[in-house]
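Structure record follows, encoded as structure tokens.
Throughout, protein chains are lettered first and strands after them, A, B, ... in sequence-line order, and every chain is numbered starting at 1.
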Amino acid sequence: MDFNDTPEEATFRAEVRSFLQANAQPKAGTRPVLRQSGIDAEGVRRCKEWQAKKADAGFAGLTWPKRFGGREASPIMQVIYNQEEDNYVVPKGLYEIGLGMCIPTMMAYAKPEQLERYVKPALRGEEVWCQLFSEPAGGSDLAALRTRAEKDGDDWVINGQKIWTSGAHLSDFGIIVVRTDPNVPKHEGLTFFFLDMKSPGIEIRPIHQMSGARHFNEVFFTDVRVPDAQRLGAVGQGWKVSLTTLMNERLAVGDVQRPDVDDLVELARTVTVDGQPAIRNGAVRERIAEWYARSQGLKFTRFRTITALSRGETPGPENSIHKLVNASKLQDIASYGIDLMGEAGILVDDEVAEAYGMFQAALLSSPSSRIAGGSDEILRNIIAERVLGLPGDIRVDKNVPFNKVPSGSR
Amino acid sequence: MDFNDTPEEATFRAEVRSFLQANAQPKAGTRPVLRQSGIDAEGVRRCKEWQAKKADAGFAGLTWPKRFGGREASPIMQVIYNQEEDNYVVPKGLYEIGLGMCIPTMMAYAKPEQLERYVKPALRGEEVWCQLFSEPAGGSDLAALRTRAEKDGDDWVINGQKIWTSGAHLSDFGIIVVRTDPNVPKHEGLTFFFLDMKSPGIEIRPIHQMSGARHFNEVFFTDVRVPDAQRLGAVGQGWKVSLTTLMNERLAVGDVQRPDVDDLVELARTVTVDGQPAIRNGAVRERIAEWYARSQGLKFTRFRTITALSRGETPGPENSIHKLVNASKLQDIASYGIDLMGEAGILVDDEVAEAYGMFQAALLSSPSSRIAGGSDEILRNIIAERVLGLPGDIRVDKNVPFNKVPSGSR
Amino acid sequence: MNFDFSDDLKQLRDEARRFLSEQATPAVARRALDGQERYDATLWKAIAEMGWIGAAIPEEYGGAGLGYEGLCVLAEEIGRTVAPVPFASTAYLAAEAILLAGTEAQKREWLPRIADGSVIGCFALSEGTGNPDPRSIRARAVGGKLSGVKYPVTDGGIADVAIVVAHDEAGEIALYLLPLKGVARTDLKTIDPTHNHARFDLDAAGAEKLGAAGGWDQVQRLLDRAAILFAFEQVGGSDACLQMARSYAQERYAFGRPIGSFQAIKHKLADVYVALELARSNAYFGAWALAADASDLPLAAATVRVSATEAYHLASKENIQTHGGIGFTWQVDCHLFYRRAKHLGTTLGGAPFWKDRLVSLIETRNAA
Amino acid sequence: MNFDFSDDLKQLRDEARRFLSEQATPAVARRALDGQERYDATLWKAIAEMGWIGAAIPEEYGGAGLGYEGLCVLAEEIGRTVAPVPFASTAYLAAEAILLAGTEAQKREWLPRIADGSVIGCFALSEGTGNPDPRSIRARAVGGKLSGVKYPVTDGGIADVAIVVAHDEAGEIALYLLPLKGVARTDLKTIDPTHNHARFDLDAAGAEKLGAAGGWDQVQRLLDRAAILFAFEQVGGSDACLQMARSYAQERYAFGRPIGSFQAIKHKLADVYVALELARSNAYFGAWALAADASDLPLAAATVRVSATEAYHLASKENIQTHGGIGFTWQVDCHLFYRRAKHLGTTLGGAPFWKDRLVSLIETRNAA
């Protein structure tokens with residue numbers, strides 16, 4: 001066991017470092033960025049500028065084929081790049097879905113001339129992509145989507161509604177899965193397309209979250225026409241294509257969420273319990289110890305994953321533990337930190353609140369962490385079924401035509 | 001709100017007190033009785049003596065009809081009797097099931113002449129009864145029992161195995177539910193009987209529990225003949241009869257389990273953490289506070305139930321919370337107390353171990369508390385379905401003939 | 001034993017529930033949430049007219065004289081809503097402080113105006129971060145003039161009078177009655193915008209001591225009594241969350257079945273139910289202790305504070321979780337309760353403070 | 001980065017697992033459980049012959065020189081069983097103490113006999129109830145003679161030599177090497193009868209100091225190193241419990257379906273898996289720290305101690321729960337692991353001790 005890079009990795013890391021040193025600002029203090037109220041026009045400009053720079057330097061699409069501007073590097077190189085980039089302030093939030101999920105799906109299913117047209121502009125950040133999967137009626141049951149597409153000549157006509165679409169309003173293109181046959185079981189009647197987000201009939205409305213953030217959108221489709229040429233995979237094979245997209249989600253590294261245990265330690269040195277710094281109190285110490293052990297456990301679990309990656313292995317569903325553990329830990333640390341602050345724990349103004357209001361912001365954002373991108377319950381199911389091999393839930397919708405599946409009133 | 005008896009209740013309580021004062025030993029110290037390794041011959045003699053005394057004084061079968069030696073008193077009187085008796089050392093463990101579950105079932109289904117024959121001897125403790133429901137293949141799925149009975153002339157012939165039968169080896173009679181038709185769905189093919197536990201073909205083996213206790217038995221049936229006259233309810237109606245029996249279980253008051261939070265407080269005053277009594281440590285205090293709040297919550301929940309009883313209402317499935325909360329609390333308090341003792345926490349000898357080995361005994365007995373008489377999982381299901389009105393689990397065995405229901409290898 | 005509310009009080013409860021379900025809808029709370037108003041004056045007036053504010057105030061001081069059990073019953077119903085009214089600040093804290101510590105003259109002056117809703121009260125204890133602790137009090141009165149900084153003060157920006165914890169000239173902790181007209185106050189942003197919160201910057205503000213100085217014990221006595229009333233609000237709020245989650249789980253389908261048929265949801269809500277029932281039973285004991293002015297009151301208060309705070313936090317967060325994505329949107333009401341749960345659970349001091357106090361009280365009891 | 005064991009060690013692991021699954025079956029443990037024997041001498045001899053006891057002992061002292069990663073790998077496999085052998089006492093504690101503190105002569109005298117299995121070791125720290133604390137040590141050496149009472153001592157009744165924590169003539173805490181022949185020892189009953197436990201009544205028993213007095217720091221250093229090795233046993237035991245529960249849940253049917261298809265069981269076992277994986281990852285870091293003798297070792301040790309103790313307690317109790325009624329019978333093996341989990345989790349000090357220590361180490365690190 002060691003924590004050293006291989007010579008090849010070390011060379012690459014040095015290359016990344018010198019690129020970042022020359023082009024980005026190191027993260028200075030510890031003050032976290034709290035309110036991410038979406039990306040404004042200036043943010044978009046900065047994202048585009050940075051992505052172009054990354055692409056020109058050969059650090060975009062590291063694992064992609066060279067003919068699309070990639071390097072055909074191993075996934076471990078991507079990890080190394082991310083580790084290093086994480087030490088710098090760089091504009092984020094515009095390309096993760098497009099480059100991480102949409103374009104890889106295109107590469108698996110689109111025609112060569114389409115790839116010529118779309119991949120490079122995406123890589124350079126000139127065109128932004130979004131992913132249109134979730135629907136109000138779906139939730140955890142992703143495949144229960146109702147947005148329908150009907151064939152009309154060489155086009156398909158889409159009607160319905162998508163939800164939780166990050167960055168829809170900033171996107172040029174999107175990938176979408178829709179129901180083309182409601183008379184067959186759920187997974188069998190779906191078809192996958194990519195489309196122009198500026199098509200007539202698309203209406204985008206931001207979703208106001210309880211935390212105040214507006215990351216996500218609802219997207220409404222009224223007679224939106226998509227050429228059959230933009231179909232990805234065969235008619236009725238949309239679920240299979242979706243799985244390709246979702247598989248690419250798995251490697252996405254979660255941002256470090258704050259407050260973490262170090263922030264709680266810091267808080268516990270500041271606030272008092274019974275006239276002493278809270279960190280002298282046994283109850284506070286016990287919580288810190290438990291969360292520290294959990295944080296470290298996740299950190300070293302990630303090291304084990306990186307080791308597997310560097311050996312060319314593919315990380316599996318066991319990676320579900322990161323989000324499962326982190327989301328509740330975030331909520332619990334936030335809640336506990338606020339309790340230690342007493343009545344003033346309710347203050348959110350970052351000028352007034354303890355620790356820049358970090359605990360309060362997390363209290364309000366953590367409920368979405370336990371739901372979005374796979375709820376706690378779905379993640380436990382994944383671990384139980386796909387890691388431990390326990391049987392699936394009883395499926396009453398199996399082999400039932402989609403339009404005959406009970407769907408309730410909400 | 002008040003904690004006072006009604007005049008009628010006060011009169012009755014005074015009567016009970018004077019009976020107990022004259023006939024039983026008050027509980028002196030706090031040292032708990034730990035190892036209940038079953039009742040020996042002397043124990044049986046003492047139980048029988050005490051029951052006869054209670055019956056003679058009119059305190060047995062308080063709520064039963066007068067013609068069977070009861071008082072036709074309201075359930076609140078039984079509660080008052082139990083409260084008072086709990087302050088005295090009285091022999092226990094032989095009649096709870098017979099008088100609490102078996103005889104009430106008899107009263108609902110047996111013929112008048114059978115009641116004449118069996119009720120009074122049971123009430124006076126001359127005859128002991130047991131209940132034969134659970135089977136190895138059943139577990140939480142109580143109705144999935146396989147012990148079968150086949151009609152042969154005026155008799156039924158029973159073959160199979162029961163398990164978890166308390167006091168089977170001390171019993172004169174038992175009530176049993178068996179499968180008389182495996183070709184119909186689970187609940188429809190059952191029939192209920194009472195039988196003589198000395199019948200030829202019955203073999204009783206004690207079950208050795210992990211705690212060392214031997215409360216329960218396995219009971220094997222080989223061609224055991226039971227007259228059809230001893231059938232309770234119609235053929236195929238056994239499940240309905242069983243529900244009568246189980247409904248009577250609901251009112252049974254759980255014994256106070258030790259260690260409870262007061263024992264932990266006492267322990268925390270004795271053992272040290274970091275050179276100080278553990279009770280000065282914030283982590284210990286936090287646990288004590290949480291368990292105390294839970295214990296008090298259960299105590300006052302019971303008071304609410306008693307109030308309902310005294311108004312003639314029938315307590316419902318909400319009473320499942322007692323065992324659900326208590327069993328885990330017991331396991332957690334035991335485990336935590338042992339942790340505070342450090343390495344010596346493993347000692348079990350009551351002369352050597354801290355707090356008479358009470359924490360260690362509970363560590364080993366609490367796993368059965370979380371399972372026997374309704375597992376944590378079943379209790380949560382009961383609360384969810386019968387209190388909150390949430391839908392039942394999907395039942396794949398519904399409407400399926402019992403002998404076609406998948407049953408696995410264990 | 002009669003460990004339940006009387007039929008009269010149950011009738012009061014039913015009436016209050018009916019009234020509030022019509023008049024104190026989440027839409028009303030949203031006007032405060034969205035910053036359109038700092039509290040709902042119409043609702044406040046209606047509540048005053050029904051005599052709720054003065055429920056526990058003796059009739060001689062203009063109250064309804066329903067006693068503490070009555071106030072508890074109302075507290076549960078108010079807690080069931082997220083009504084943007086200064087009920088807790090006025091009825092559990094300001095009125096209680098005056099009843100507990102005020103002179104006869106102070107009672108006669110203030111209680112009738114509190115009871116009829118014309119005076120809104122609040123309680124100014126905290127001076128920034130920290131749980132209740134006499135050592136954290138810097139505010140001081142000199143010659144009837146209060147100076148110091150107090151924040152956050154729930155409903156402080158809309159109140160007419162504040163009960164302020166400060167040192168008197170002798171350096172003793174005392175309660176002061178501070179008319180707020182002309183006092184420098186700043187509104188503060190908090191996690192629960194359905195209540196106003198303010199900061200007081202007191203610079204020789206004219207105030208009068210509430211009765212004789214009672215020391216920190218008097219403050220704690222006030223906190224104890226309020227903790228029981230808050231607990232009923234917390235119980236009401238927990239129950240509201242459980243009912244929301246339960247309805248949603250019955251009606252929302254996934255994989256062709258109601259999500260409430262999945263054990264992950266069923267058992268989650270069973271756990272919420274258990275926490276709620278334990279809190280409710282402890283709250284009943286608190287109501288008894290309050291009504292009987294029992295010596296067990298401090299222990300009863302700490303006990304129910306611990307369980308009610310746990311129950312509401314659990315119920316409100318798992319209500320969001322049960323709702324899934326829609327549950328963390330602004331337009332669905334789940335978050336109003338989650339916010340309120342944390343507000344109620346930190347005002348008067350957070351769970352760590354009360355857990356520690358609970359054990360101290362057990363120690364005192366055992367030593368006796 | 002290479003955060004995994006080498007292929008050689010994985011091969012060692014596979015071999016060890018194969019051997020132990022045949023030779024260290026629960027039936028072997030049951031002979032100790034039922035009081036037929038105090039440890040399994042045959043198994044012990046076989047383990048010694050394979051060089052496991054001396055895995056981390058340098059070859060110059062008769063060890064296998066596999067290094068600490070090798071010992072960690074073996075510890076996990078031994079932990080997977082409930083083997084009734086004094087492996088931890090001998091290899092993680094006695095041998096480690098001698099390596100850490102012994103003089104060259106002491107190493108040459110004892111380590112080869114430990115490595116070849118002819119000498120069983122044990123560690124005598126506790127003097128009754130309490131977590132590790134220098135203030136609790138009353139044992140004292142005067143003129144090379146030890147007096148005092150030590151209990152419980154794991155494997156104390158079967159060991160040939162004990163490492164005893166006692167005060168030296170100068171009042172300093174030191175480690176003493178105590179040959180046990182002729183020493184008054186009494187067997188003790190514990191929750192884990194698959195290990196022998198004893199009480200030592202020392203009345204001027206001849207012993208020699210292990211190297212120079214190292215004070216409590218030296219004891220703590222020994223505890224830290226042992227905590228990492230114990231953690232691998234705990235990880236192995238947790239994994240064994242999870243596998244048992246998983247198999248049972250796949251095979252046992254209720255309501256016409258495998259109980260493993262109920263979310264109550266699925267999610268319970270998912271939680272066990274999560275606890276296990278966190279503990280395992282922390283254990284890997286501990287192995288690295290041990291092998292590299294890193295300055296992070298104390299923090300790594302406290303961290304993995306906390307997570308491994310939690311994981312094994314959880315895994316062992318929920319394994320019983322998953323089994324239902326049969327799970328709490330004597331003849332089913334679930335309870336052997338539940339007992340062992342508590343034994344491993346309290347020896348070296350319980351979770352409260354290590355949590356407190358963990359935070360002290362974080363504070364020290366942050367101050368640096």
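Judged purely by distance below 3.5 Å, without hydrogens or angles, the side chains of Glu15(A) and Tyr81(A) never pair a donor atom with an acceptor atom. In the model, Gln220(D) has a side-chain atom that pairs as donor or acceptor with a side-chain atom of Asp224(D) under 3.5 Å. Inspection of the Gln234(D) and Thr309(D) side chains reveals an N or O donor paired with an N or O acceptor under 3.5 Å. Side chain to side chain, Ser360(D) and Arg285(A) meet the donor-acceptor criterion of an N or O pair below 3.5 Å. For the residue pair Asn319(D) / His323(D), a side-chain donor-acceptor distance below 3.5 Å is found, with atom types taken as modelled.
For chain D, the nearby part of Glu9(A) is the side chain; its heavy atoms alone come within less than 4.5 Å. Residue contact with chain D, scored on non-hydrogen atoms closer than 4.5 Å, involves the backbone and the side chain of Thr301(A) alike. Residue Leu242(D) touches chain A through its side chain alone, counting heavy-atom pairs closer than 4.5 Å. At a 4.5 Å heavy-atom cutoff, the contact between Leu299(D) and chain A is made by side-chain atoms alone. Ile362(D) touches chain A through its side chain: at least one heavy atom from C-beta onward sits under 4.5 Å away, while N, CA, C and O do not. Contact of Asn381(A) with chain D is made through backbone and side chain together, with heavy-atom distances under 4.5 Å. At a 4.5 Å heavy-atom cutoff, the contact between Asp393(A) and chain D is made by backbone and side-chain atoms alike. For Tyr284(D), the parts sitting under 4.5 Å from any heavy atom of chain A are the backbone and the side chain alike. Only the side chain of Leu324(A) comes within contact range of chain D, with heavy atoms under 4.5 Å apart.
Not a single donor-acceptor pair under 3.5 Å links the side chain of Glu77(D) to the backbone N or O of Ala75(D). With hydrogens and angles ignored, the 3.5 Å screen pairs a side-chain donor or acceptor of Ser136(D) with a backbone N or O of Asp133(D). Remark: the backbone N or O of Arg80(D) is not paired with any side-chain donor or acceptor of Glu233(D) at under 3.5 angstrom.
Figure legend: Arg71(A) and Phe59(A) shown as a cation-pi pair, the cationic atom lying under 6.0 angstrom from the six-membered ring centre and within 45 degrees of its axis.
With chain A as the partner, the residue from Val306(D), Val274(D), Asn282(D) showing the most heavy-atom pairs under 4.5 Å is Asn282(D). Of the listed residues (Tyr273(D), Phe3(D), Trp288(D)), the one with the most heavy-atom contacts under 4.5 Å to chain A is Phe3(D). Taking chain A as the reference chain and counting heavy-atom pairs below 4.5 Å, the highest number among Leu278(D), Leu269(D), Thr303(D) is found for Leu278(D). No other option in Glu277(D), Glu69(D), Glu310(D), Lys266(D) has as many heavy-atom pairs under 4.5 Å with chain A as Lys266(D). Considering only heavy-atom pairs separated by less than 4.5 Å from chain A, the leading option among Ala283(D), Gly260(D), Ala291(D) is Gly260(D). Each of Arg257(D), Lys268(D), Arg357(D), Arg305(D) has some count of heavy-atom pairs under 4.5 Å with chain A, and the biggest count is that of Arg257(D).
Contacts of residues 341-356 of chain D with chain A at a heavy-atom distance below 4.5 Å involve Lys355(D), Asp356(D), listed in sequence order. At a heavy-atom cut-off of under 4.5 Å, chain D is reached by Glu286(A), Ile288(A), Ala289(A), Glu290(A), Tyr292(A), Ala293(A), Arg294(A), Gln296(A) from residues 286-296 of chain A, listed in order of number.
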Worked check of salt bridge (Lys or Arg N to Asp or Glu O under 4.0 Å) between Asp376(A) and Lys323(A): CA-CA 8 Å; Asp376(A) 288 0; Lys323(A) 194 176 102 67; 5.3 Å; no
Derivation and outcome, salt bridge (Lys or Arg N to Asp or Glu O under 4.0 Å), residues Arg365(D) and Asp262(A): CA-CA 12 Å; Arg365(D) 182 201 63 184; Asp262(A) 287 334; 3.7 Å; yes
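Applying the 6.0 Å contact sphere to NZ of Lys398(A) captures no more than 12 heavy atoms from other residues, nucleotides or ligands. Few gaps surround CD on Gln83(A); more than 12 heavy atoms of other groups in view lie less than 6.0 Å from it. Heavy atoms from other residues, nucleotides or ligands lying under 6.0 Å from CZ of Arg311(A) number more than 12.
Proximity of Gln11(D) to Asp14(D): side-chain heavy atoms (C-beta onward) are nowhere separated by under 4.5 Å.
Residues Arg269(A) and Glu363(D) are not paired through a salt bridge, judged by the lack of any N-O separation under 4.0 Å between the basic side chain and the carboxylate. Between Arg13(D) and Glu76(D) there is no salt bridge, since no side-chain nitrogen of the basic residue lies less than 4.0 Å from a carboxylate oxygen of the acidic one.
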